[in-house]
Student: 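Below: one structure in structure tokens.
In this text, all values refer to a predicted model and were calculated from it rather than measured experimentally.
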Amino acid sequence: TDRNAVVGFYAFLFDSHQDADPFLNNISPDIRDPEMIVETEMASASTGRKLNGLKALSMIMNRIPSAILEQLLDGQEVKKIRLTVYEVIVHSTLGMYADLFDLIYRLCLAAPDKDEALQAFKALVVTGREPLHKLFDRIRTENPSLLEEIKKEVASLSKISFFVIQDIAL
């Protein structure tokens, strides 16, 4: 259907790290309706369909409601979905998802591998709820093995490293 093509296109833009052109607002609102995406794609049992819905929502909405992201994270067995939620948060404005800090921190500590723990850590940084030096202290105490991965991330001069540099400067 047209709606599936539009959702797939928005998901493609997300994966390509491209912004949605304002021209896309000319697409019929029925086809790109966030509520319809939540009711169909997000409610689907298919991981791929759920991922496309999440990615499309992140491109269509200024802010996905925290309750949706929390529901996707809490008790989620599919790693790809958790990683995509973290990516949505990392690409958001600093502090936009501060209310998800506790859940993400718990998942960061319980992550099955270092890659997922690092992705969760990046999302924690962007929640902006705790100053970075306090977050580093907590990680150093509760998951010191993650520090090496964090150092590599900072050295790569990613978006997260700029938050670290800004925190040091202030």
Student: With heavy-atom distances below 4.5 Å as the criterion, would you say the side chains of Leu72 and Lys50 are in contact?
Tutor: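 Answer yes - side chains close enough.
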Student: Which pair of non-hydrogen atoms, one from Ala11 and one from Asn52, has the smallest distance, and what is that distance?
Tutor: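 For Ala11 versus Asn52, the nearest heavy atoms are CB-OD1, 3.3 Å.
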Student: Between Ile104 and Tyr97, does a side chain to side chain contact (heavy atoms under 4.5 Å, CB included) hold up when you go through it step by step?
Tutor: CA-CA 10 Å; Ile104 297 170; Tyr97 292 106; 5.9 Å; no
Student: Please name all residues satisfying salt bridge (Lys or Arg N to Asp or Glu O under 4.0 Å) with Glu116, sequence neighbours left out, ordered by chain then number.
Tutor: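 Arg82.
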Student: Please list, chain by chain and in numerical order, all residues satisfying salt bridge (Lys or Arg N to Asp or Glu O under 4.0 Å) with Lys79, sequence neighbours excluded.
Tutor: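 Checked Lys79 against salt bridge (Lys or Arg N to Asp or Glu O under 4.0 Å); matches are Asp113.
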Student: Report yes if the side chains of Phe121 and Tyr105 come closer than 4.5 Å at any heavy-atom pair, otherwise no.
Tutor: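 Phe121 vs Tyr105: side chains apart.
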Student: Quick one: list whatever passes side-chain contact (heavy atoms from CB on, under 4.5 Å) with Val6, sequence neighbours left out.
Tutor: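 Val6: side-chain contact (heavy atoms from CB on, under 4.5 Å) contacts with Tyr10, Ile27, Ile31, Arg32.
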Student: Just checking Glu142: does its CD atom have more than 12 heavy atoms from other residues, nucleotides or ligands closer to it than 6.0 angstrom?
Tutor: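 Above 12, so yes.
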Student: Any chance you could measure Lys80, atom NZ, to Leu54, atom CG, to the nearest 0.5 Å?
Tutor: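 Rounded to the nearest 0.5 Å, the NZ-CG separation comes out at 13.0 Å.
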Student: Could you pull out all residues at least two apart from Phe12 that satisfy side-chain contact (heavy atoms from CB on, under 4.5 Å)?
Tutor: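 If we apply the side-chain contact (heavy atoms from CB on, under 4.5 Å) test to Phe12, skipping adjacent residues, the hits are Phe9, Ser16.
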Student: Just jot down the salt bridge (Lys or Arg N to Asp or Glu O under 4.0 Å) partners of Asp30, sequence neighbours excluded, or say none.
Tutor: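 For Asp30 there are no salt bridge (Lys or Arg N to Asp or Glu O under 4.0 Å) partners, ignoring immediate neighbours.
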Student: Is the shortest distance from a Lys or Arg side-chain nitrogen in Arg138 or Glu130 to a carboxylate oxygen in the other one below 4.0 Å?
Tutor: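 Salt bridge flag = yes for Glu130 with Arg138.
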Student: Mind checking salt bridge (Lys or Arg N to Asp or Glu O under 4.0 Å) for Glu149 and listing every partner two or more places apart, or none if nothing turns up?
Tutor: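 Lys152.
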Student: Just so I know, are the side chains of Ile139 and Pro144 near enough to count as touching, which here means a heavy-atom distance under 4.5 Å?
Tutor: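 No, side chains not in contact.
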Student: With sequence neighbours excluded, tell me which residues meet side-chain contact (heavy atoms from CB on, under 4.5 Å) with Ser46.
Tutor: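 In terms of side-chain contact (heavy atoms from CB on, under 4.5 Å), with neighbours along the sequence ignored, Ser46 is linked to Ser44, Arg49.
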Student: Check the pair Ile89 / Leu100 against side chain to side chain contact (heavy atoms under 4.5 Å, CB included), numbers first and verdict last.
Tutor: CA-CA 10 Å; Ile89 294 168; Leu100 294 176; 4.0 Å; yes
Student: Glu77: which residues meet the side-chain contact (heavy atoms from CB on, under 4.5 Å) condition with it, sequence neighbours left out?
Tutor: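 By the side-chain contact (heavy atoms from CB on, under 4.5 Å) rule, Glu77 matches no residue at all.
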Student: Counting only N and O atoms by type, is there a donor-acceptor contact under 3.5 Å from the side chain of Arg63 to the main-chain atoms of Met96?
Tutor: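 Side chain of Arg63 to backbone of Met96, a donor-acceptor pair under 3.5 Å: yes, one is there.
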Student: Quick check: closest heavy atoms across Asp99 and Ser66, and the distance to 0.1 Å?
Tutor: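 Of all heavy-atom pairs spanning Asp99 and Ser66, the closest is OD2-OG, 2.7 Å.
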Student: Let me confirm one number: the OG1-CZ distance from Thr84 to Phe14, rounded to the nearest 0.5 Å.
Tutor: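 Spacing of OG1 (Thr84) from CZ (Phe14) equals 6.0 Å.
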Student: Scan for salt bridge (charged side-chain N to carboxylate O under 4.0 Å, His left out) pairs involving residues 67-76, sequence neighbours excluded, and state none if there are none.
Tutor: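 Every pair satisfying salt bridge (charged side-chain N to carboxylate O under 4.0 Å, His left out) with a residue in residues 67-76: Asp74-Arg106.
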Student: Check the pair Leu146, Cys108 against side chain to side chain contact (heavy atoms under 4.5 Å, CB included), reporting the backbone distance first and the verdict last.
Tutor: CA-CA 10 Å; Leu146 184 56; Cys108 179; 3.8 Å; yes
Student: For the atom pair CG (Leu83) and CG (Asp115), what is the distance rounded to the nearest 0.5 Å?
Tutor: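 So the CG of Leu83 and the CG of Asp115 are separated by 6.5 Å.
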Student: Who passes side-chain hydrogen bond (donor to acceptor under 3.5 Å, both in side chains) against Asn4, sequence neighbours left out?
Tutor: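 Testing Asn4 for side-chain hydrogen bond (donor to acceptor under 3.5 Å, both in side chains), a comparison that skips the adjacent residues, returns Thr1.
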Student: Can you tell me how far the CD1 atom of Ile60 sits from the CG atom of Leu13, to the nearest 0.5 Å?
Tutor: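 The CG atom of Leu13 is 10.0 Å from CD1 of Ile60, to the nearest 0.5 Å.
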Student: Working to the nearest 0.5 Å, report the span between CG of Leu118 and CG of Leu124.
Tutor: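 Those atoms lie 10.5 Å apart.
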Student: Parallel, tilted or perpendicular: which one describes the rings of His17 and His91, with boundaries at 30° and 60°?
Tutor: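 Ring orientation of His17 relative to His91: parallel.
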Student: At what distance, to the nearest 0.5 angstrom, does CE of Met42 lie from CG of Leu51?
Tutor: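 Here the rounded value is 8.5 Å.
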Student: Report all side-chain donor-acceptor pairs from residues 33-40 shorter than 3.5 Å, counting only partners two or more places apart or in another chain.
Tutor:
| residue | atom | partner | partner atom | Å |
| --- | --- | --- | --- | --- |
| Asp33 | OD1 | Glu35 | N | 3.3 |
| Thr40 | OG1 | Arg3 | NH2 | 2.8 |
| Thr40 | OG1 | Met36 | O | 2.6 |

Student: Return each pair, listed once, that meets salt bridge (charged side-chain N to carboxylate O under 4.0 Å, His left out) where at least one residue sits in residues 4-14; pairs must be two or more places apart or across chains.
Tutor: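 Qualifying pairs: none.
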Student: May I ask you to say whether Asp137 pairs ionically with Lys134, meaning some side-chain N is under 4.0 Å from a carboxylate O?
Tutor: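 So Asp137 does not pair with Lys134 through a salt bridge.
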Student: Is a side-chain donor or acceptor of Tyr86 paired with a backbone partner of Ala117 at a separation under 3.5 angstrom?
Tutor: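 No, Tyr86 side chain to Ala117 backbone: no donor-acceptor pair under 3.5 Å.
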